[in-house]
Each structure stands twice: as structure tokens, then as C-alpha cells.
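Structure record follows, encoded as C-alpha cells.
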Amino acid sequence: PTQNGQNLRSPICCILGHVDSGKTKLLDCVRGTNVQEGEAGGITQQIGATYFPAENIRERTRELKADARLNVPGLLVIDTPGHESFSNLRSRGSGLCDIAILVVDIMHGLKPQTIESLKLLTDTSTDFIVALNKVDKIFGWKSCCNAPMKEALSKQSKDVKTLFNHGLKKVKNQLQEQGLNTELYYKNKEMGDTYNIVPTSALSGEGIPDLLLLLVKWTERTMIERLTYRDEVKCTVLEVKVVEGHGTTIDVVLVNGVLHEGNQIVVCGMQGPIVTSIRTLLTPHPMKELRVKGTYLHHKEIKAAMGIKITAQGLEHTIAGTSLYVVGPHDDLEVIEKAAMED
Ligand code: GTP
Ligand code: MG
Ligand code: NA
């Protein structure tokens with residue numbers, strides 16, 4: 001439980017947007033990693049997950065001098081591909097999240113997969129924040145590394161400000177054409193009806209503090225019920241992967257509940273339900289990407305929300321995108337097997 005007695009889980013935030021709008025780079029900027037440059041062709045082809053502990057978010061938002069006393073343990077961010085051929089992965093990612101970041105390149109505005117992503121979000125009534133990315137590409141932009149956006153903008157020349165306002169206005173108009181009211185977040189007086197825009201640069205970090213703080217504060221303010229921790233396990237398989245030394249593993253997002261080493265689990269398989277038990281529960285280090293090979297932390301148990309790699313026997317034919325079930329002492333295995341296959 002947190003200071004005021006609330007037992008909240010970490011919000012899950014999905015990053016969506018057109019190919020190369022800067023989704024992975026934004027995460028790299030917050031993590032201090034270089035995942036994007038390691039991707040084949042600079043293209044994301046899998047769903048990823050990264051956990052940001054509250055203390056790192058507090059650190060990163062300090063300059064906003066906000067009362068950044070966070071009530072959630074952290075933030076779990078799901079990265080998705082923007083390439084048109086991966087619409088199933090965008091749908092999987094957006095289906096899991098509490099809130100989303102829709103990344104729009106300020107130089108290019110709305111693109112087909114921006115609109116596709118918007119549709120996914122509005123169809124499921126998922127709240128989101130627009131990250132208007134690549135502001136550093138505005139001709140003459142003076143970089144103010146990791147500065148809050150208001151401060152960064154105040155340091156720009158009149159010409160840069162004009163170009164920025166022009167780009168912002170264009171995107172606002174394009175979003176309006178899609179039926180959405182949006183406003184620069186610190187000017188937004190009708191949060192909730194009017195979606196927030198946070199300008200960012202994933203290269204020099206301007207606006208990153210704003211984006212993080214808004215994400216956490218907004219979810220804490222509007223989603224308390226939804227974020228209240230529940231024991232009932234809710235868990236989705238993101239990816240099925242062979243990992244050297246571990247055999248076939250599954251990357252999952254645990255949305256609610258606790259997983260324990262040794263738990264009997266059921267997942268949906270291509271030839272029927274797979275019943276097995278958790279051999280190891282692995283996570284990357286905090287602020288590291290689950291989908292990138294690295295060293296893993298071993299856990300006896302893990303509480304939601306978290307991105308987890310599970311090793312167990314017989315996972316070869318697991319179908320990604322389906323739910324994982326834990327068999328409790330009083331559960332009827334047959335009922336769970338049936339539920340697992342209905343996904
Ligand atoms: P997919 O996952 O393949 O859809 O792309 P993405 O949205 O994750 O974009 P990615 O992070 O791969 O960035 C695409 C290119 O844009 C890379 O070359 C990045 O270095 C560059 N880029 C991303 N964000 C910024 C930014 O804020 N400023 C500048 N100048 N370049 C950026
Ligand atoms: Mg990417
Ligand atoms: Na890319």
C-alpha cells in the first residue's frame with residue numbers, strides 16, 4: 001500500500017503511432033538505452049515492455065517542480081510496431097493498456113497508422129495523450145536537453161516559435177477532422193473532453209518530463225478504481241520466443257494478481273490447452289526492454305503490473321495474444337482449459 005493507504009498497481013501505457021514517428025526512441029530517451037539502433041532496419045517488429053519504477057519517474061520529472069509524490073509503484077510501458085503489417089500487434093498492445101501515448105511526428109502530421117491507432121483507441125474508449133514528437137527538427141531549434149517543454153519553448157527564437165505553432169496547429173486541425181478536440185496540455189482547461197498534446201524530442205529530451213508526469217498524474221487522478229490492485233490473475237501472452245538456455249519461453253504482461261514460481265498455468269495452444277507449471281519467472285532490470293536479449297532477474301513471485309518472461313515446459317505451441325490462467329487449489333482444471341481455448 002502507498003502512503004495514503006491505496007493499494008494501486010502500476011498503470012499500463014501503450015505507445016502507438018505511425019512507423020518511424022519515434023515510439024521506440026522516446027522510450028530509449030527515458031531508459032537511457034539504445035534499443036532502436038539495434039533493430040533490423042530501424043523497424044520494431046515485436047511488442048516490448050519496460051517497467052519504470054516511481055523513483056525514476058520522480059527523478060525525471062523533478063524539474064517541473066511538481067509535487068511528484070506518486071501513488072503508483074511505477075509505470076509499465078508497452079512498445080508496439082508502427083509498420084502497417086503489424087496491425088495485430090497494435091491491437092494486442094492497445095487492448096492491454098490503461099492509457100496510451102499516440103506519437104505523431106510534428107514534421108509529417110497524421111499518417112495512415114496514426115489514424116488506425118486512433119480508431120483502436122476510440123473503439124475501446126481508451127484514454128490517450130498525443131506526443132508531438134521530433135520538435136528538434138524544426139529549423140533553428142535550440143536544444144535544451146531534457147527540459148520541460150514550456151521552458152524549452154521560451155528559449156526559442158520568434159521564427160522557431162512560429163514554425164512550432166504552425167506544426168501544432170496543423171496537427172490539431174487534422175485531429176479535429178478525426179472528430180477529436182486537442183490542446184497543448186498546459187493550456188488545456190477541459191482535460192477529459194479535450195485530449196492533451198505534449199510536444200517532445202526523443203533525441204534531446206525536451207518535453208519528456210512533461211509526458212511522464214502527465215501520464216502518471218492523469219492515470220492516478222482518473223483511474224483509481226481501475227488501478228486498484230486485485231488478486232485475480234489477469235495476464236496476456238505478448239510473444240512466444242525461443243531463448244538460448246531456456247527453451248521456448250513466453251513474454252507476458254501481468255495486468256493484475258501475483259504469479260509464483262511453481263504455479264500451475266494454462267495457456268491456449270495450437271493443438272489444445274497447454275497445462276504446465278512455471279519453472280522460472282524472469283524480468284529484465286528496471287528500465288530495460290523485455291524484448292531485448294539481456295540479463296534477467298529471477299523472482300519467486302511477481303505482483304502486477306509487470307512484463308515477465310516465463311519459462312516452463314511445453315510452451316512451444318502457445319498462441320500469442322491469448323490469456324494465461326493460473327490453476328488455484330479449488331479450481332476445476334477442465335473449466336480453465338476450456339476458458340483458455342475460448343480466447
Ligand atoms: P517503428 O517502431 O518502426 O514504427 O518506429 P518508431 O515509431 O519506434 O520510430 P523510431 O524510434 O524507430 O525512430 C525512427 C527514426 O526517427 C530514427 O531514426 C530516430 O532516430 C528518429 N527519431 C525519433 N524520434 C526523434 C526525435 O524526436 N527527433 C529526431 N530528430 N529524430 C527522431
Ligand atoms: Mg519502434
Ligand atoms: Na522505426
Side-chain angles (χ1 to χ4, degrees), residues 13-50 60 76-94 97 100-121 128-149 152-153 156 160 163-164 167-168 171 197-212 238-239 251 284 287-293 307:
C13 170
C14 174
I15 310 212
L16 292 165
H18 196 71
V19 69
D20 284 348
S21 52
K23 299 177 289 297
T24 306
K25 210 73 193 169
L26 274 171
L27 284 176
D28 274 334
C29 182
V30 187
R31 289 183 295 232
T33 55
N34 223 329
V35 172
Q36 198 273 333
E37 283 175 26
E39 293 180 320
I43 298 282
T44 303
Q45 307 197 32
Q46 286 183 338
I47 304 190
T50 307
R60 213 49 202 272
L76 183 66
V77 182
I78 311 287
D79 191 12
T80 67
H83 190 277
E84 60 172 330
S85 60
F86 297 112
S87 60
N88 62 325
L89 300 186
R90 283 188 285 283
S91 159
R92 189 176 304 162
S94 67
C97 68
I101 297 173
L102 182 68
V103 184
V104 178
D105 181 335
I106 192 170
M107 309 308 274
H108 295 146
L110 265 60
K111 292 281 187 180
Q113 272 60 54
T114 326
I115 294 168
E116 181 202 297
S117 302
L118 262 178
K119 196 166 174 333
L120 280 173
L121 295 172
F128 62 90
I129 297 168
V130 177
L132 191 56
N133 193 37
K134 306 200 187 185
V135 293
D136 62 280
K137 284 180 107 179
I138 296 171
F139 186 75
W141 181 267
K142 213 170 111 215
S143 73
C144 315
C145 284
N146 300 315
M149 191 38 72
L153 277 172
Q156 305 304 321
V160 170
L163 288 170
F164 169 82
L168 174 67
V171 169
I197 299 181
V198 180
T200 54
S201 165
L203 284 204
S204 36
E206 292 93 337
I208 299 292
D210 312 56
L211 186 60
L212 289 174
L238 288 185
E239 303 275 355
D251 289 354
M287 314 255 282
K288 299 283 184 208
E289 173 56 84
L290 176 64
R291 73 181 148 95
V292 173
K293 251 195 235 147

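Everything numeric in this text was worked out from a predicted model, so none of it was measured. All ligand and atom numbering here is 1-based and tracks the order in the structure. In this chain, numbering begins with 1 at the start of the sequence shown. What's counted below: heavy atoms across the whole structure, side chains too, no hydrogens, waters or symmetry copies.
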For a quick test of reading the model, state the closest non-hydrogen atom pair linking [X] to [Y] and the distance between them.
| X | Y | value |
| --- | --- | --- |
| Asn88 | Ser85 | OD1-O, 4.3 Å |
| Gln156 | Ala152 | NE2-O, 3.0 Å |
| Leu118 | Phe128 | CD2-CZ, 3.6 Å |
| Cys29 | Ser201 | SG-O, 4.4 Å |
| Pro81 | Leu89 | CG-CD1, 3.7 Å |
| Asp28 | Thr33 | OD1-OG1, 2.6 Å |

Could you identify the single nearest non-hydrogen protein atom to [atom] and state the distance to 0.1 Å?
| atom | value |
| --- | --- |
| atom 27 (O) of ligand 1 | Ala202 N, 2.7 Å |
| atom 22 (N) of ligand 1 | Lys134 CE, 3.7 Å |
| atom 7 (O) of ligand 1 | Lys23 NZ, 2.7 Å |
| atom 10 (P) of ligand 1 | Gln36 CG, 3.6 Å |
| atom 3 (O) of ligand 1 | Thr44 N, 3.1 Å |
| atom 9 (O) of ligand 1 | Gly22 N, 3.0 Å |
| atom 14 (C) of ligand 1 | Asp20 OD1, 3.4 Å |
| atom 28 (N) of ligand 1 | Asp136 OD1, 2.7 Å |

Please check whether [X] reaches ligand 1 - meaning an N/O of the residue sits under 3.5 Å from an N/O of the ligand, judged on distance alone.
| X | answer |
| --- | --- |
| Thr200 | no |
| Gly82 | yes |
| Pro81 | no |
| Glu39 | no |

>> Between Glu37 and Lys25 (salt bridge meaning N to carboxylate O under 4.0 Å), is one present in this structure?
In response: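 Salt bridge between Glu37 and Lys25, a charged N being under 4.0 Å from a carboxylate O: yes.
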Measure from the side-chain N and O atoms of [X] to the backbone N and O of [Y], and report whether any donor-acceptor pair falls under 3.5 Å.
| X | Y | answer |
| --- | --- | --- |
| Lys23 | Gly17 | yes |
| Asn133 | Ser21 | yes |
| Ser91 | Ser87 | no |
| Lys288 | Arg31 | no |
| Arg90 | Glu84 | yes |
| Glu289 | Ala49 | yes |
| Asp210 | Val198 | no |

Any N/O/S atom from Glu39 (main chain or side chain) under 3.0 Å of the Na ion (ligand 3)?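 Looking at Glu39, which is the residue asked about, there is no N, O or S atom under 3.0 Å from the Na ion (ligand 3).
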Within 3.0 Å of the Na ion (ligand 3), is there any N, O or S atom belonging to Gly22?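 So Gly22 does not count as coordinating the Na ion (ligand 3).
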Output yes if Thr80 passes the N/O/S-under-2.8 Å test against the Mg ion (ligand 2); output no otherwise.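 Checking Thr80: none of its N, O or S atoms is under 2.8 Å.
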Worksheet item: Below 2.8 Å, any N, O or S contact between Thr24 and the Mg ion (ligand 2)?
Response: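 Yes, within the cut-off.
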Exercise for review: Determine which of the N, O or S atoms in Asp20 is closest to the Na ion (ligand 3) and give its atom name.
Suggested key: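 Nearest N/O/S atom: OD1.
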Query raised in the report: For ligand 1, does Leu203 get within less than 4.0 Å through its side chain, its backbone, both, or neither, judged by non-hydrogen atoms?
Result: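 Looking at Leu203 and ligand 1, atoms from backbone and side chain both fall under 4.0 Å.
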Under 4.0 Å from any heavy atom of [X], which atoms of ligand 1 are there?
| X | result |
| --- | --- |
| Lys137 | 30 (N) |
| Ile43 | 3 (O) |
| Val19 | 3 (O), 4 (O) |
| Ser201 | 27 (O) |

query = So is Gly42 in contact with ligand 1, going by heavy-atom distances below 4.0 Å?
reply =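 Checking ligand 1 against Gly42, which is what was asked, there is a heavy-atom contact under 4.0 Å.
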